[in-house]
Amino acid sequence: MSVVGDGTEREDAGVDEPGWEVDPDDESSAAVVAAVGRQIKAWREAAGMRAAEFGTAMGYSEDLIYKVEGGRRRIPRPEFMDGADGVLGPEGKLAAMKADIAEVRYPKKIRELAKLEAAAVELSAYGSHNIHGLLQTEEYARALFAMRRPAFSEDEVERLVAARVARQSIFSRSPAPELSFVQEEVTLRRHLGGRMVWRRQLEHLLEVSELRHVEIQVMPTSRDEHAGMGGEMQVLKFRDGSAVGRSEGDFGSRPVSDPKYLRIIELRCGIIRAQALNPRESRAFIEQVLGET
């Protein structure tokens, strides 16, 4: 609870919750948030309202209004922008900035990955240590980030979880991209986050595997031939015929687009898919693991 200008206590309705802080090291993100804050302040002053009055009308604290307008500490949530439009009357001009704000909320590296995924017409991925990010439930993702060492702060965990969940809009895109995942058996059996989180994650894999444009395969631990021993890898292909790939431990573990490097990653991904259980067998395998609990 916070005390606003009229002396009453009001909830900040989640606007001040973890995960919506400005990252001072992300200059491009900070610049966008600062610009949005200046616009909000300009419209407030043009309406002849003090920050305390604006906060009272919005149902937020005066302190939070200053944080948002200052653009240095607080990223305004979408509902804040909608409310500001209603109070200040700029005819949708503030609400129109919601897409820009939603994008810069996430770390720069993740924003760049999300842009690639949003443009891809085909994605092939192999996961060796945990479930691929696009396939993770929110609870599983939160458990993963919470167990990282050195430990992330609560704010960082929530920011990363939100970014990971937002990327999963790729499944509902139209036209739908072709998505292919190979998961190491151990990623299905490790109870990350506890038994209930793990069970829900397996159920989610089964749900996603029903999508016509998604294939999920399992690489059994019993295989004595395995082309993916070097670690995780992924290839994204685009409509213009270009592609980007990444292979853990190779090429500096950075995304590469050079055809000679892409050929190596694509070759490995293809062999891994051939060595893994096929999608029908994999679904039965996941059901079996789930049934063993």
Side-chain angles (χ1 to χ4, degrees), residues 78 98-107 109-128 130-142 144 160-184 187-188 200-219 228 232-247 255-257 259 262-263 265-287 289-290:
K98 288 190 293 186
D100 297 320
I101 294 170
E103 181 177 335
V104 301
R105 178 190 177 190
Y106 309 127
K109 182 177 179 180
I110 297 177
R111 295 201 306 268
E112 293 172 349
L113 174 60
K115 286 182 179 179
L116 291 174
E117 291 173 343
V121 296
E122 183 180 330
L123 179 151
S124 299
Y126 163 67
S128 58
N130 48 60
I131 303 297
H132 190 281
L134 291 177
L135 297 174
Q136 293 175 11
T137 65
E138 182 176 340
E139 295 79 10
Y140 183 94
R142 181 172 289 107
L144 275 180
L160 290 166
V161 169
R164 181 152 294 182
V165 172
R167 286 170 49 209
Q168 295 173 5
S169 61
I170 191 172
F171 291 106
S172 57
R173 267 178 42 200
S174 181
E178 292 297 322
L179 307 174
S180 174
F181 304 91
V182 178
Q183 288 293 150
E184 198 67 38
T187 66
L188 307 178
R200 176 59 192 134
Q201 177 63 66
L202 293 181
E203 292 169 349
H204 181 65
L205 290 178
L206 293 173
E207 293 167 3
V208 174
S209 71
E210 294 179 355
L211 299 175
R212 294 179 59 193
H213 62 291
V214 177
E215 289 188 344
I216 298 177
Q217 295 177 251
V218 176
M219 176 68 80
E232 298 179 352
M233 62 190 75
Q234 180 166 295
V235 176
L236 295 163
K237 295 185 178 181
F238 308 103
R239 193 171 301 280
D240 63 2
S242 62
V244 172
R246 188 186 72 83
S247 179
V256 295
S257 56
L262 280 171
R263 185 185 67 81
I265 301 174
E266 287 187 84
L267 173 66
R268 290 175 182 166
C269 282
I271 295 175
I272 288 171
R273 286 196 298 271
Q275 293 172 333
L277 299 176
N278 66 40
R280 186 186 299 272
E281 294 169 336
S282 297
R283 180 177 177 83
F285 189 94
I286 296 172
E287 290 174 340
V289 174
L290 182 59

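Predicted, not measured: the structure shown is a model, and the values here were computed from it.
Applying the salt bridge (charged side-chain N to carboxylate O under 4.0 Å, His left out) rule to pairs touching residues 271-281 yields nothing, sequence neighbours excluded.
Considering only heavy atoms from C-beta on, P177 comes within 4.5 Å of I170 through its side chain. Inter-residue side-chain proximity for F181 and L134 is flagged as met; some heavy-atom pair is nearer than 4.5 Å. At least one side-chain heavy atom of S209 sits under 4.5 Å from a side-chain heavy atom of I216. Contact of the L179 side chain with the H213 side chain is registered, since non-hydrogen atoms from C-beta on lie closer than 4.5 Å.
For the atom pair Y140 OH and N130 CG, the distance stands at 4.5 Å (nearest 0.5 Å). To the nearest 0.5 angstrom, Y126 atom OH is 9.5 Å from Q275 atom CD. Atom CZ in F285 sits 10.5 Å away from atom CG in L202 (nearest 0.5 Å).
In plain terms, the two heavy atoms of R268 and S247 that are nearest each other are NH1-OG, 3.5 Å. A120 and R173 get closest at one heavy-atom pair: O-NH2, 2.7 Å. Pairing each heavy atom of L188 with each of L205, the nearest pair is CD2-CD1, 3.6 Å. Considering all non-hydrogen atoms of both residues, P255 and V244 come closest at CB-CG1, 3.7 Å. Nearest heavy atom pair, residue I272 against residue M219, reads O-CE, 3.6 Å. Of all heavy-atom pairs between I131 and Q136, the closest is O-NE2, 2.6 Å.
Not counting sequence neighbours, E215 has no partner by the side-chain hydrogen bond (donor to acceptor under 3.5 Å, both in side chains) test. Applying the ring pair (Phe, Tyr, Trp, His ring centres under 6.0 Å) criterion to H204, with sequence neighbours excluded, gives no partner residue. For S169, the side-chain hydrogen bond (donor to acceptor under 3.5 Å, both in side chains) criterion is met by no residue, not counting sequence neighbours. Residues satisfying the side-chain hydrogen bond (donor to acceptor under 3.5 Å, both in side chains) test with T187, not counting sequence neighbours, are Q183.
In this structure, S180 contributes its side chain and S124 its backbone to no donor-acceptor pair below 3.5 Å. Panel note: side chain E138, backbone V161; no donor-acceptor pair is recorded below 3.5 Å. Distance alone, capped at 3.5 Å, is enough to place a donor-acceptor pair between the R283 side chain and the L206 backbone. Using a distance-only test at 3.5 Å, with no hydrogens or angles considered, a donor-acceptor pair links the side chain of Q217 to the main chain of L277.
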Return all side-chain donor-acceptor pairs below 3.5 angstrom for residues 232-239, not counting sequence neighbours, or 'none' if the list is empty.
| unit_1 | atom_1 | unit_2 | atom_2 | d |
| --- | --- | --- | --- | --- |
| Q234 | OE1 | H132 | NE2 | 2.6 |
| K237 | NZ | E266 | OE1 | 2.8 |

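By the 4.0 Å N-to-carboxylate-O rule, R167 lies close enough to E117 to be salt-bridged with it.
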E203/R200 under side chain to side chain contact (heavy atoms under 4.5 Å, CB included): CA gap, chis, key distance, verdict | CA-CA 5 Å; E203 292 169 349; R200 176 59 192 134; 3.6 Å; yes

